[in-house]
Trainee: 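A single structure is presented below for examination.
Labels below follow one simple rule: chain letters A, B, ... track the order of the sequence lines, proteins then strands, and each chain is numbered from 1.
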Amino acid sequence: MNTNILQVKDPILAIENLSVAYDKNVAVKDVTVGIKKNTVTAIMGPSGCGKSTLLRVLNRMHELYENIHTTGSVTLNGEDIFKMSAIKLRRKTGMVFQRPNPFPTMSIYDNVIAGYKLNGINQKKQERDEIVERSLRDVALWDEVKDSLTKKGTFLSGGQQQRLCIARALAFNPEIILLDEPTSALDPVATSKIEDLLITLKEHYTIIMVTHNMSQAARISDYSLFMYLGELVEYGKTKNMFTNPQDRRTEEYLTGKFG
Amino acid sequence: MKAINETENINSRIRKDRVFLGLVVLFSVITVSPIILIISKLIEKGYKQLSFGFLVEKTPDTMEAMTAIANNELIPGGIVNGILGTLLMVAMAAVIAIPIAIITGVYLYENQGKWLANITRNVSDILQGVPSIVLGLISYLWVVKYVTNGFSALAGSVSLAIMMLPMIVRSTEETLKMIPQTLKEAGLALGIPYWRVLTGILIPTGFSGLMTGILLAVSRVIGETAPLMLTALGSRAINMNISKPTSAIPLLIWEFYNDPNMVDMIWSSSLLLMIIVLAFNLTAKQFAANRK
Ligand SMILES: Nc1ncnc2c1ncn2[C@@H]1O[C@H](COP(=O)(O)OP(=O)(O)OP(=O)(O)O)[C@@H](O)[C@H]1O
Ligand SMILES: [Mg+2]
């Protein structure tokens, strides 16, 4: 693997010459980047620069749109993600959305185990209980909800709901967690809880997060990726990028000149 | 000067407000009064015939009714043949229509803007406007002539099912459209296959909406008479054989109407029909209210 192009050693996820277009509108242009295991990587950039598009290609959620075309390659642990089954890929890459979206008809317990249940995976009750407890402990929600597991997930506060959604994504023990502006709908207290959580989660998982919040990126990310008009402008250690940006556009964005 | 102008202005506005309020009240009363008049008339004329026997006994023949009237007694018997026939045909119509309509509604929801979906949606809307007697004729041509070789409950059900289809298709599509797209995405992102996302997440989430549509469609066809005349025909006997002529409450009302000795039965049967339709309507409303 070429460290120079991907810019990190032994990446868990290697994106090479990835371009994504909606019909003729190119949203991601020739992006090449490697993501390091057990790190938090922040994707930043002004609105419409292709952050969500890039993130959604990583678990092939972009295939929901029919007018979308991709070229280039993405490999997860050396395996081409476009060649494996989407279902297998998605179990290895959990996804968390901008707004908390627990399944409204399901209890807290069922939300966490939904990935197994709806996939028709048969388990003993004890196994299920263990997965639910582990996932909820992972997101520091267990103590808050352990006595109300049968209540609807939608009864929780916004921040708790988002942690529940993270737990749901963790239930399959994925390698990577993709988050698209996971705190933009939350209040500051809930936001900081999620931030703390992500920092602890990186011990076991690799985290890629789109964020509009630069101080958030500075607080929790190890690597940052700055995009502009679909291009990857700059990628590197967050510390370096914030103190000494290499590209004029990165500097302007970080100093609030646009975005 | 300015102050005077302002009071005048306000006074004229208050006057306008009052006139407007008066009109609103008037029109509301005009809208509501028919249903109140209908229900009170039905109760007034129909209650005395309504009894347990009315629900569990068969239709009397005209001689029995005549004798009863001559002796100043209540007409004996009931309309259990009609009640069971209505239950049978509406249930069968629902069994035929619901799966087809829900699958079609899902197809329309998943294929917004595609030409085949647009055509399907338009055809479904046109179907909704087809007079019910024409649907009866179609079912006569298809089912009475070729399938059951005679008037039958099945033929009645088919005509009612065609009526129900477009209503449920529409409500299914609208219900699914109101479910946040991110729930579907969250399901798919968990590696759940689409059909399980649909049956395990989307349909349960939209359950109240789907039920509302189904119940309204049912309450709409329960009172249908014209298509059943051409298909189920009617019967004095209790019939649960789907290939035989079958009675229904609205068919009985029409038969009673044509029999001078049965006038009282018209009212009690109509009252019962009205109660059933109202029950379905109110249940549908309950489901709609639960949606939030
Ligand atoms: N479904 C779609 N069909 C067509 N074009 C799309 C679609 N989704 C996004 N685009 C276009 O692709 C480009 C990138 O969009 P994307 O959502 O990836 O940006 P983003 O960086 O996530 O923006 P934001 O910060 O506002 O979320 C934009 O020009 C957008 O208009
Ligand atoms: Mg976005």
Trainee: When heavy-atom pairs shorter than 4.5 Å are enumerated against chain B, which of A:Ser85, A:Ala169, A:Gly120, A:Gly94 gives the highest number?
Mentor: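 Heavy-atom pairs under 4.5 Å are most numerous for A:Gly120.
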Trainee: For B:Arg220, I'd like to know if atom CZ has over 12 heavy atoms of other residues, nucleotides or ligands within 6.0 Å.
Mentor: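 Counting neighbours around CZ of B:Arg220, 12 or fewer heavy atoms of other residues, nucleotides or ligands fall under 6.0 Å, so no.
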Trainee: Anything in residues 183-209 of chain B with a heavy-atom distance to chain A below 4.5 Å? Please list those residues in order.
Mentor: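 The residues closer than 4.5 Å to chain A, in numerical order, are B:Leu183, B:Glu185, B:Ala186, B:Gly187, B:Leu188, B:Ala189, B:Leu190, B:Gly191, B:Ile192, B:Pro193, B:Arg196, B:Gly200, B:Ile201, B:Pro204, B:Thr205.
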Trainee: Within a 6.0 Å radius of atom CH2 on A:Trp142, are there more than 12 heavy atoms belonging to other residues, nucleotides or ligands?
Mentor: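 It does: A:Trp142 CH2 has more than 12 such atoms within range.
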Trainee: Heavy-atom count around B:Lys285 NZ within 6.0 Å, excluding the residue itself: above 12?
Mentor: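 Atom NZ in B:Lys285 is not packed in, count stays at 12 or less.
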Trainee: Counting only heavy atoms from other residues, nucleotides and ligands, does the tally under 6.0 Å from CE of B:Met178 exceed 12?
Mentor: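 No, the 6.0 Å shell around CE holds no more than 12 heavy atoms from other groups.
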Trainee: Let me know if A:Asn101 has heavy atoms under 4.5 Å from chain B in its side chain, its backbone, both or neither.
Mentor: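 For A:Asn101, heavy atoms of backbone and side chain both lie under 4.5 Å from chain B.
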Trainee: Is A:Leu64 in contact with chain B via its backbone, its side chain, both, or neither, using a 4.5 Å heavy-atom distance?
Mentor: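 Just its side chain gets close to chain B.
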Trainee: If we define contacts as heavy-atom pairs under 4.5 Å, which of A:Ile87, A:Leu178, A:Thr105, A:Asn119 has the most with chain B?
Mentor: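 Top count of heavy-atom pairs under 4.5 Å with chain B: A:Asn119.
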Trainee: Need one label for A:Phe103: side chain, backbone, both or neither, based on atoms under 4.5 Å from any heavy atom in chain B.
Mentor: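 It is both, since atoms from each part get that close.
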Trainee: Heavy-atom cut-off 4.5 Å, strictly under: side chain, backbone, both or neither for A:Arg60 against chain B?
Mentor: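 For A:Arg60, neither part sits under 4.5 Å from chain B.
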Trainee: Under a 4.5 Å heavy-atom cutoff, which of A:Lys117, A:Lys92, A:Glu66 has the most pairs with chain B?
Mentor: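 That would be A:Glu66.
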Trainee: Within a 6.0 Å radius of atom NZ on A:Lys146, are there more than 12 heavy atoms belonging to other residues, nucleotides or ligands?
Mentor: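 It does: A:Lys146 NZ has more than 12 such atoms within range.
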Trainee: What part of A:Pro102 gets closer than 4.5 Å to chain B, counting heavy atoms only: side chain, backbone, both or neither?
Mentor: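 Contact with chain B involves the backbone of A:Pro102 alone.
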Trainee: Determine whether more than 12 heavy atoms belonging to other residues, nucleotides or ligands lie under 6.0 Å from atom NZ of A:Lys202.
Mentor: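 Atom NZ in A:Lys202 is packed in, count exceeds 12.
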